[in-house]
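Data first, discussion second: the structure below is written as structure tokens.
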Amino acid sequence: MRLNICIVSIFICLLVATSCTEKKVVFNQREFISLSGKWQCDLGEINLPGTVDESRLAPRNSDTLSTGQLTRLNPYVGKMKYTKEIEIPAGSAQKEWRLIMERTKPSTVWIDKDSIGTSSLILSPQIYNLGKLAAGKHTVTIVIDNSPTSVPQGIHGSHAWTDATQTNWNGIIGKFGLEANDGILISDLQVYPNVSSKTIPVVAQINSSVSGKAKISVQGYLWNTTQNIAIPDQVISIDLKEGLETYKFDINVGNKHVLWSEFDPALYKVNFEIESQKIKDSYTIDFGIRDFSAKGTQFEINSLKTFLRGKHDACVFPLTGYPPMNKEEWKRQMRIAKEYGINHYRFHSWTPPQAAFDAANEEGIYMQAELPYWGAMDTTNIDLNKFLINEGEHILTTYGNNPSFVMMALGNELGGDVKLMRSIVTNFRTSDQRHLYAFGANNMLGTAGQQQGEDFFVTCRVGGQVGSDDYSTHTRATFSFADAKNGGYINATYPSTAITFSKAVENCTVPIISHENGQFQVYPDYNEIKKYTGVLYPYNMEIFQKRLQENGLEDQADAFHKATARFAALCYKADIEMCLRTPGFGGFQLLDLQDYPGQGSAYVGILDAFMDNKGGMAAEEFDGFCDEIVPLSIMSKYCWSNNEIFTAEIKLSNYSKEALSKKNLSWTLSKAHSNVNVARGEFPINISQGHLGEVGKINVPLQDINTATQLVLTLQTGPHVNKYDLWVYPDKEISVKSDIKETSSLKQALDLLQQGNKVLYTPDHKEVEKLSVGGLFTPDYWNYAMFKNISEWLKRDVSPGTLSILTDPSHPLFKEFPTETHSNWQWWIISKNSRPFILDRTPKDYKPLVQVIDNIERNHKLGLIFEMQVGKGKLLVCMCDLKAISDKPEGKQFGQAILDYMSSADFAPTNEYTAEDIKSLFSTSIKEKKIVGVKNITTYK
């Protein structure tokens, strides 16, 4: 079949006009022959752009047992030869042609069996100069190599290559075709806007077959705002030389120019047309005028302070296995992220295509690009270093004009030679000062602290020791147990909203961006499986679902998902607010707003892998604590006694584009799930732009609240609303119930049950250590299998691995202990002082009163409180040390709620057990599952 090519004649007029300006600008476009369509490859006929995975030509993957990541259904690794016959029109025979492949893997190209060359670029377009092509038919042959030897070994673990994220696909994606010029080619053009100048320096690379006088005509306008602004038409004269040369000149953008920022992402479209000896070429770019800088420990955009509210992008695209190459899909995803208050993207060990930058330019997103590396830097690794430097130089050239491209790092969690990192960054900065640079994201896990030569510092700590219980250098609120003793601030310290990262900021002179905040696991939603209709399939999710069925918990899957989704969102709120209430902080990069379905299967997002909300928290609520304006309540605790005065210091984080004055902040303290207000008030606001400012103090006596009550503190200024859950408990001694026998001895409990008593059994934790799991408040970090293995290797404590409680708030047990179905801050002291009991040997329909949701690797049925009828007696087992928590109002109230329930007629267990059943339950060892974690590239010491 003849090639169906689209030929656009040279110098046809392309009318560019927008609804925001009446100026009509006629731009010229080079002749382009699209190579989209059917190609022959080693496996048969394939459509390009596309990948071998999408073609389904490779054999079906027989491995359906991997739980570490999504499974490529038709994977292909190796060299693949693609061949197509093309036709050059008779009128184009004297033109100079080049082949453009926007994104692919290392390649080799032939035209009519003549070798053209090779390219190793994987994050920038590969462009081959073909020279003149005679009119008529030609055969194009392209070999794409995604085998392990095609790139240095260190690239394999990056998100630009690994199957854990975008997959190591083979193919060609994005713009793909032959482009012609008449002998003059503007091959590259870089602009260097300055907010304080109406002139812009330009550096152009021009390849010419002629020499002599040449004119460059410049036309342009502001195209995506309501302002009707055009730059003056102008002509620049140059002395054109034969061959490839660099030309520098200035253009005038006029007396009035508009700046680009997250608030007003104004873009100029400018066309540069060169003409000499009646030969023409043109080059059109979009750019923005902005100044993104580091001033002290904070960032500024055009002299306004900004706080980076970022998400980590791991290149998770489960339908294609590669990133979108069209602007519309990137805009869709970025608009979703903006609904959650995000203004910043960090690309973990990869750089997205131009379509992503186009979308970010229009949406006002600040982008951090990275080289495709995750490992140790070493001067002796010459091939790797050359590869990274070459890739970095092309990234800067290819994407450097985008105003959204504000930051660049050398990779993720690098180790090794800091001098080498500094040298590479210095060279990049020397060649392009439009961006801020860092040596990497979370290098040395932050232990080496700030390094000279970095413009900003992405880190989890500023110095300090991995695995320590000294959190003073930390810059995020949660860690794995391998990283920090007991998992860091949220899990290890009594809940409040008063902790900050101020001490870490004191140890740094550049902006700190908190690295990969959160990583709170959410139990997966197995309804998501049906969404996987592309090249990847979630056999891992099917395996986790089967494990749940084997333990008789399949009927709780939806409840597990909903409870953990909500609890994870509350923990993200705590982590984000800790960043916001730290004076002088630079920002954060969440891991993540969406799931990461690789590296052990880490379901850590508020959204799933498809950017759909999981139901744990709506965007409007999340945006309340993750936005340019956030009202904050600074409280010493969440749980209060009614003999206290509730006190809160109200602050406001203002990173909007202007000062807040002559406005008010209202507050209400109301009973949860009702419209009953306990107190309310209002404060005037006067907060400078870019500041965390004082608003006022709330003092509310609580003596009129006589029963255990959940309250909600609501703070609002304009459309910005932030809410806090609080609990108030009556201040009274625990009322001992004469009809209840309490014991920590199993033998005594059985004796008392035989006598027909109501028995509260609180086992000694040491005696049931092998029949239970540890007490954990926060959802397990990232993925249980990975960090279990790392912790064991380092001889450190292993995380208990649980995700949340699950309970029925309407159960009589909670008449005097208000709760939701999931964990919240009143459960911190209870969870931390508990050892959830493994109930796998109980009948499938048996459910504890307070269940603890286990991780997907173990899927144990875990009970924190459970009850049974034993002979004539009634047994309630509490796996929390009630004495250890009795000094806190919520702990004392929890104990009282148990006693009140057991004394009531509601205490009527329906599941009957014999004394021998109970003996067996509390003495039979649990067979441990062998859990194998995936390897983490980062070195832990």
Side-chain angles (χ1 to χ4, degrees), residues 261-263 290-312 341-348 364-370 403-410 412-414 421-422 425 428-429 433-444 446 448-464 473-477 500-517 575-591 626 628 630 653-657 688-692:
S261 72
E262 63 185 287
F263 310 112
R290 56 90 174 146
D291 177 20
F292 187 86
S293 58
K295 295 295 176 67
T297 62
Q298 293 193 278
F299 294 101
E300 289 189 354
I301 179 72
N302 307 329
S303 299
L304 294 175
K305 288 183 181 178
T306 187
F307 190 98
L308 297 186
R309 305 180 302 276
K311 79 174 292 294
H312 154 289
I342 298 299
N343 67 351
H344 167 52
Y345 267 55
R346 174 238 168 172
F347 294 88
H348 178 310
I365 299 289
Y366 304 121
M367 307 272 267
Q368 177 184 321
E370 288 184 7
S404 58
F405 183 7
V406 297
M407 306 155 74
M408 185 174 182
L410 301 185
N412 179 69
E413 292 186 349
L414 306 182
M421 300 178 200
R422 183 176 294 113
V425 163
F428 286 166
R429 185 186 290 114
Q433 298 183 19
R434 291 173 293 185
H435 324 289
L436 301 182
Y437 295 90
F439 295 175
N442 204 34
N443 288 358
M444 287 83 167
Q450 179 187 351
Q451 298 296 309
Q452 182 182 1
E454 290 190 288
D455 298 320
F456 60 97
F457 189 25
V458 181
T459 187
C460 65
R461 55 171 68 85
V462 184
T473 65
H474 288 189
T475 61
R476 71 182 187 215
T500 71
F501 303 122
S502 295
K503 288 188 177 180
V505 175
E506 291 173 4
N507 296 330
C508 196
T509 61
V510 298
I512 294 171
I513 304 176
S514 186
H515 176 261
E516 297 183 356
N517 293 56
D575 207 330
I576 288 171
E577 288 193 358
M578 203 175 295
C579 296
L580 286 172
R581 64 175 176 260
T582 300
F585 210 62
F588 58 80
Q589 295 166 345
L590 296 180
L591 209 168
C626 182
E628 61 189 37
V630 177
S653 172
N654 177 25
Y655 288 95
S656 65
K657 61 181 178 180
S688 301
Q689 192 282 328
H691 280 77
L692 174 68

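Predicted model, so just to flag it, every value in this text is computed and none were measured.
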Q.
Given Glu516, which partner from the list Asn442, Asn412, Val458 fulfils the side chain to side chain contact (heavy atoms under 4.5 Å, CB included) test?
A. Asn412

(Q) Run the ring-ring contact (aromatic ring centres under 6.0 Å, His included) test against Phe347 and tell me which residues pass, sequence neighbours left out. (A) Tyr345, Trp350

Q) Do the side chain of Gln450 and the main chain of Thr509 share a donor and acceptor less than 3.5 angstrom apart? A) yes

Q: Determine the minimum heavy-atom distance between Leu436 and Ala294, stating which atoms define it.
A: CD1-N, 3.9 Å

Q: Taking Arg309 for its side chain and Gly341 for its backbone only, find out whether a donor-acceptor pair lies under 3.5 Å.
A: yes

Q. About how many Å separate CZ of Arg581 and OG of Ser502, when rounded to the nearest 0.5 Å?
A. 10.0 Å

**Q.** Arg290: partners by salt bridge (charged side-chain N to carboxylate O under 4.0 Å, His left out), with sequence neighbours left out
**A.** none

Q | Atom pair CG/CD1 of Leu308 and Ile342 - distance to nearest 0.5 Å | A | 10.5 Å

Q: Can you see which heavy atom on Ala441 is nearest to which on Ala409, and at what distance?
A: N-CB, 4.4 Å

(Q) Could you work out, with side-chain hydrogen bond (donor to acceptor under 3.5 Å, both in side chains) as the rule, every residue matching Ser656, not counting sequence neighbours? (A) Asn654

Q) Who pairs with Asp455 by side-chain hydrogen bond (donor to acceptor under 3.5 Å, both in side chains), at least two apart in sequence or on another chain? A) Arg429

Q: Output yes when Glu370 and Arg346 qualify as a salt bridge under the 4.0 Å nitrogen-oxygen rule, no when they do not.
A: yes

(Q) Suppose we screen for ring-ring contact (aromatic ring centres under 6.0 Å, His included). Which residues come up paired with His348, at least two apart in sequence or across chains? (A) His159, His312, Trp374

Q | Phe292 CZ to Ser404 OG distance, which is reported to the nearest 0.5 Å | A | 11.0 Å

Q) Of the non-hydrogen atoms in Arg476 and Cys460, which two are nearest, and what is the gap between them? A) NH1-CB, 3.5 Å

Q.
Just so I know, are the side chains of His435 and Met407 near enough to count as touching, which here means a heavy-atom distance under 4.5 Å?
A. no

Q | By ring-ring contact (aromatic ring centres under 6.0 Å, His included) - contacts of Tyr437 (at least two apart) | A | none

**Q.** Closest approach of Thr475 to Thr459 (non-hydrogen atoms, all atoms of both residues)
**A.** OG1-O, 2.7 Å

Q: State whether a side-chain donor-acceptor pair under 3.5 Å links Glu262 with Tyr655.
A: no

(Q) Distance check, rounded to the nearest 0.5 Å: Thr306 atom OG1 versus Phe263 atom CZ? (A) 5.5 Å

**Q.** By side-chain hydrogen bond (donor to acceptor under 3.5 Å, both in side chains) - contacts of Ser688 (at least two apart)
**A.** none

Q) Heavy atoms, side chains only, cut-off 4.5 Å: are Phe405 and Arg434 in contact? A) no

Q: Over all heavy atoms of both residues, which pair between Thr473 and Ala504 is shortest? Give the atoms and the distance, please.
A: O-CB, 3.5 Å

Q | For Glu454, all residues meeting salt bridge (charged side-chain N to carboxylate O under 4.0 Å, His left out), sequence neighbours excluded | A | none

**Q.** From CD1 (Ile513) to SG (Cys579), nearest 0.5 Å
**A.** 11.0 Å

Q | Residues that Phe439 engages under ring-ring contact (aromatic ring centres under 6.0 Å, His included), provided they are two or more places apart | A | none

**Q.** Tyr366 side chain to Val406 backbone, donor-acceptor under 3.5 Å
**A.** no

Q: Taking side chain to side chain contact (heavy atoms under 4.5 Å, CB included) as the test, write out the residues that go with Val505, two or more places apart.
A: Thr297, Ile512, Thr582, Phe585

Q. Are any non-hydrogen side-chain atoms of Asn443 and Gln451 less than 4.5 angstrom apart?
A. no

Q) With sequence neighbours excluded, what pairs up with His344 under the side-chain hydrogen bond (donor to acceptor under 3.5 Å, both in side chains) test? A) Gln589

Q: Could you tell me whether the side chain of Cys508 reaches within less than 4.5 Å of the side chain of Val510, counting heavy atoms only?
A: yes

Q: Report the residue from Leu590, Val630, Asn517 that forms a side chain to side chain contact (heavy atoms under 4.5 Å, CB included) with Ile576.
A: Leu590

Q | Any residue meeting side chain to side chain contact (heavy atoms under 4.5 Å, CB included) with Ser293, in chain and number order, not counting sequence neighbours | A | Asp291, Lys295, Glu300

**Q.** Ala477 versus Phe501, closest heavy-atom pair with distance
**A.** N-CZ, 3.8 Å

